[in-house]
Amino acid sequence: MRRAGLIFLLMILSFFTVSIAQAQKAKWLVTGYMDWQYSWTQKEDTLTSVGTFDNYHFNPIFLFQMQDNLLAAAEVEVEHGAEFELEYAFISYIWNDYVTLTGGKFLVPFGVFNERLHPSWIAKVPTRPYSNDQVIPVAWSEAGIMLSGAVGIAAPYSRVNYNLYLVNGLEGGIGAKMRDLRKEDDRDKKNNNKAVGGRLGVVPYKGVEIGASAYTGKYDAVKSPKLDLNLFGIDAEFHHQDFFELRGEFNQVDQAISPDTFQVKRGWYAQAALKLGFTEVDILNPVEIVVRYSAQDFGGKAEDFTEFTPCLNYYLASSTIFRIAFRLNQEKENEIDNNEFIFQFAQGF
Amino acid sequence: MKKVKKITGLVLAVSFLAILVYPSLVLTQEKEITGENVYQANCGKCHSERNATERSDDEWAVIVNHMRVRGGLTAKESRAVLEYLQENND
């Protein structure tokens, strides 16, 4: 039923696209991305390693511009060849040079990975870091309204950008995992408490951005007392020309499991990427070397993990990438061999 | 893994210091933004730069407006990068 509904939605969006284009000469296009991968995972507990092909993502994105200052966007996500989701669908009104009003379902601007970096043709490593998987539940979208914009400061290329939103918010069982709190859009049928949040980013000079994010709301589904869910995050990135980048995020969740008791979940990652085009050796021009380290700390040892992933990317074109990655996973407790080898092909279109 | 942590920490510390001194050593004093530099400095932060010839004028107009909202660009920057892309997409 759900799949039929989303296929119907795709048809409606297509019809809407043609109708708008014809009737109002609006501008529109379809973009998106897709990827497939082969992953091989060690399974020490079963003494059997698992290798599998996966048509992981097919995500068409519909972009509309009804007027110069009125935009609409929608992305449908088809995962593993069978799971359909509406990742986002919103309308944005650019009120003036500094303020844009957005309404609908949108990617939450918490840090930058969730909103800007998670698509497979953009993320430089096939897997997600722990901080943006089990702590911030990427890909995380909310239904609500948002103010956003940017203001230039001081020198050229320096600016401050902001997002401020009011949304239904994450909701689920007491102490539930973060990924389990983001199901369905109409969560406030059970918990009539909205969540507020925002991000403030600063670009002090070309190539650097630093940001801080916060979110607060109630998350449990019982009538009373409602329990707090507070998130805090810091993100930073540095780029030198077009061939070196260093970025990272730190995210923390304070999740109440009783009125006086909080479960604290922390995660962070650091990633460096070097494109070999600076060598001016033809055969190395399309090659990029990436290393990433991420960790999650949930306060006990059972769910404290770290991972180190070296990855080699080969760019057939600017948005066509082959990747080979090896993810070394480590557990603080009950260590098992569960490392992963991943070969991925990703295409942005 | 402990060795990896130490190396990672050292790299991060050196990188942080480099970032602090980077502007005075490397950046030139530009007085005005250019669309090409905005495109390289902002679009290139997240993904590889797409060739301007990939899209028509109308398509770039749609994309840049959406990327202004997604990427947190100023109005001035988004106008500059749109002009640059539309001038170079022949």
Side-chain angles (χ1 to χ4, degrees), chain A residues 27-29 31 63-65 68-69 71 73 92 94 96-98 100 102 107 109 112 115-117 119 121-122 148-152 155-157 159 161-163 201 203-209 237-242 245-246 248 270 272 291 293 306 308 315 317-319 321 328 330 348, chain B residues 1-5 7-9 11-12 14-16 18-20 22-24 26-34 37-51 54-80:
Chain A
K27 299 167 188 168
W28 61 278
L29 75 155
T31 67
L63 302 180
F64 305 92
Q65 183 167 306
D68 286 349
N69 58 354
L71 320 170
S92 289
I94 301 175
N96 57 41
D97 279 2
Y98 311 107
T100 297
T102 297
L107 287 167
V112 294
E115 191 188 24
R116 303 178 190 171
L117 302 178
W121 75 282
I122 294 175
S148 61
V151 180
Y157 309 105
R159 66 176 181 270
N161 53 71
Y162 71 93
N163 303 81
V203 178
Y205 52 84
K206 193 167 55 171
V208 171
E209 182 166 357
E237 58 187 278
F238 166 76
H239 303 262
H240 178 65
Q241 296 184 8
D242 61 352
E245 75 167 39
L246 181 65
V291 291
Y293 183 80
T306 60
F308 176 73
Y315 289 80
S318 60
S319 59
I321 309 104
L328 293 120
Q330 189 163 40
Chain B
M1 193 59 86
K2 279 187 181 172
K3 198 172 179 183
V4 169
K5 278 186 187 176
I7 293 172
T8 304
V11 167
L12 283 172
V14 170
S15 304
F16 181 68
I19 288 166
L20 287 178
Y22 177 83
S24 58
V26 178
L27 292 182
T28 57
Q29 292 300 319
E30 297 176 60
K31 296 216 166 119
E32 280 298 324
I33 63 171
T34 66
N37 282 344
V38 171
Y39 188 52
Q40 185 190 69
N42 291 284
C43 310
K45 275 167 54 178
C46 293
H47 54 74
S48 293
E49 292 170 34
R50 306 292 286 264
N51 198 313
E54 287 182 26
R55 301 286 186 187
S56 67
D57 283 3
D58 281 352
E59 288 172 336
W60 279 128
V62 177
I63 291 171
V64 169
N65 254 342
H66 279 88
M67 288 298 102
R68 169 185 167 178
V69 178
R70 178 71 64 91
L73 298 179
T74 65
K76 190 175 178 182
E77 286 171 331
S78 61
R79 285 192 284 265

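Throughout, protein chains are lettered first and strands after them, A, B, ... in sequence-line order, and every chain is numbered starting at 1. Note that the coordinates shown come from a computational prediction; the quantities given were computed from them, not determined experimentally. The basis for the numbers below is simple: all heavy atoms, side chains too, and nothing from hydrogens, waters or symmetry mates.
Within the 4.5 Å cutoff, no side-chain heavy atoms of A:Ser319 are placed close to those of B:His47. Proximity of A:Thr31 to B:Arg55: side-chain heavy atoms (C-beta onward) are separated by under 4.5 Å at one or more points.
Under a 3.5 Å cut-off, the side chain of B:Asn65 and the backbone N or O of A:Asp68 do form a donor-acceptor pair.
If you measure heavy-atom distances from A:Ile122 to chain B, the contacts under 4.5 Å come from both the backbone and the side chain. Only the side chain of A:Glu245 comes within less than 4.5 Å of a heavy atom in chain B; its backbone stays farther off. For a residue to count as touching a neighbouring chain, one of its non-hydrogen atoms must lie under 4.5 Å from one of that chain's; by this rule A:Ile94 touches chain B with the side chain only. Only the side chain of A:Tyr315 comes within contact range of chain B, with heavy atoms under 4.5 Å apart. Contact of A:Asn69 with chain B is not made at all, since no heavy-atom distance falls under 4.5 Å.
B:Arg70 and A:Glu115 get closest at one heavy-atom pair: NH1-O, 3.0 Å. For A:Phe64 against B:His66, the heavy-atom pair with the smallest separation is O-CE1, 3.2 Å. When all heavy atoms of B:Glu49 and A:Ser318 are compared, the pair lying nearest together is O-CB, 3.3 Å. In plain terms, the two heavy atoms of A:Arg116 and B:Gly72 that are nearest each other are NH2-N, 4.5 Å.
Chosen from B:Val62, B:Ile63, B:Val69, B:Leu73, the residue pairing most often with chain A at heavy-atom distances under 4.5 Å is B:Val62. Between chain A and the options B:Ala75, B:Gly44, B:Ser78, heavy-atom pairs under 4.5 Å are most frequent for B:Ala75. Looking only at heavy-atom pairs under 4.5 Å with chain A, the residue among B:Glu54, B:Arg68, B:Met67, B:Lys76 that has the most is B:Arg68. Ranked by heavy-atom pairs under 4.5 Å with chain A, the list B:Thr74, B:Val38, B:Asn51 is led by B:Thr74.
The distance from atom CG of A:Leu29 to atom CD of B:Glu59, rounded to the nearest 0.5 Å, is 5.5 Å. Atom CG of residue B:Asn42 and atom CZ of residue A:Arg159 lie 4.5 Å apart, to the nearest 0.5 angstrom. Residue A:Glu237 holds its CD atom at 6.5 Å from SG of B:Cys46, rounded to the nearest 0.5 Å.
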